[in-house]
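Scroll down for the structure; my scribbles are underneath it.
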Number of protein chains: 2
Amino acid sequence: MTRRSFLGEFEQMVMLAILQQGDRAFALEVRREIERSADRSVSRGAFYTTLERLERKGMVTWAEEVPRDEARSGPLRRFAVTDSGRRALRDSWNAVRTLARGLDDVLEEAQ
Amino acid sequence: MTRRSFLGEFEQMVMLAILQQGDRAFALEVRREIERSADRSVSRGAFYTTLERLERKGMVTWAEEVPRDEARSGPLRRFAVTDSGRRALRDSWNAVRTLARGLDDVLEEAQ
DNA sequence: CTCCGGCGTCTACGTTGTAGACGAACGTGT
DNA sequence: ACACGTTCGTCTACAACGTAGACGCCGGAG
């Protein structure tokens, strides 16, 4: 039945980064946010593919930014996480957090 | 080069559950721990497949339990997370935690 | 105009997540 | 002892997710 639309880890990161940006996030900024926080590079392909999948699942939406009077190249979209996305995110987050409870020390002792 | 052996979410759960069991965990108990904490069912296939992949990546090891004098069916293994596994787990965890910082309220407000 | 660089799209493939079929080992009732 | 249900690890096959890089459009610099 697969009622559980579980999120992959990268999907979670993308959504969290959008939320960090205040829910009206430009793609580029979201991507930078992830690279900064997770301390790794994110290829364009990985990023946009994930964004598109999230959109198809109804976890993320976007609105075209009204272009300023000067000509703008390409679409300028602002992304937001839907309620459904928030719910999924919260569930995943809670599940992992529950399992991680009390293990901080154990994890930190790794080199 | 794929130097980044990023963990999938379910893989993380499995490792966390092993750690919760004190690092000498029986498969069955690990599985139950996950089902309890994440509040969802875990099929045998999903579970053992993941365990085997983690082992192949050197994140998890196991030792045969010395069978009591009575005959035992099948292998009785105790699983443990390796240092490498702990490190990977810690990194993933930190990355997500960083991105989630300050978003608790935002997440909770979802129905 | 031609080259360059940024950025979104597309394509293809490796990795992870998942269910279910299968089969060995045990306990039970008869 | 035999047939049967149960339990649990293994195997198989496929869906979903993660990822890199090629491509092409557009605007700016020379």
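In what follows, every chain begins at residue 1, and chains take the letters A, B, ... in the order their sequences are listed.
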- Item | Side-chain donor/acceptor of B:Q12 to backbone N/O of A:V96, under 3.5 Å | no
B:D23 side chain vs B:V81 backbone, donor-acceptor pair below 3.5 Å | yes
Rounded to whole Å, the CG-C1' distance (A:L28 to C:dT9) equals 16 Å
In whole angstroms, the gap separating C1' of D:dT19 from CG of B:L7 amounts to 16 Å
Testing D:dG18, C:dG17, C:dA19 for proximity to the side chain of A:E11, the answer is D:dG18
### Query
Which is true for B:E52 with a 4.0 Å heavy-atom rule: it touches a base, it touches only sugar-phosphate, or it touches nothing?
nothing
Of B:G45 and A:R53, the one whose nearest nucleotide on DNA chain C sits closer to the 5' end is A:R53
Hey, is the side chain of A:K57 poking within less than 4.0 Å of OP1 or OP2 on D:dC17, counting only N and O atoms?
yes
Atom CZ of B:R31 and atom C1' of C:dG17 are separated, to the nearest Å, by 15 Å
Exercise for the section: Indicate whether any N or O donor in one side chain lies under 3.5 Å from an N or O acceptor in the other, for A:E55 and A:W62. Expected result: yes
Whole-Å distance, A:R56 CZ to D:dA15 P, equals 15 Å
ask   = Side chains of A:M15 and A:M59: closer than 4.5 Å at any heavy-atom pair?
value = yes
To the nearest angstrom, the CG-P distance between B:L54 and C:dT18 comes to 13 Å
Taking only N and O in the side chain of A:R40, is any of them less than 4.0 Å away from OP1 or OP2 of D:dA20?
no
A:L51 CG to D:dC17 P, in whole Å, measures 14 Å
Of D:dG18, D:dC8, D:dT19, the nucleotide closest to the side chain of A:A46 is D:dT19
Atom CD of B:E29 and atom C1' of D:dT7 are separated, to the nearest Å, by 15 Å
Judged by nearest nucleotide, the residue sitting upstream toward the 5' end of DNA chain D, B:R44 or B:T49, is B:R44
note: A:F10, atom CZ; D:dA20, atom C1'; distance rounded to Å ~ 12 Å
Next item on the list: Could you tell me whether B:R32 and B:E35 have a side-chain N and a carboxylate O separated by less than 4.0 Å?
Entry: no
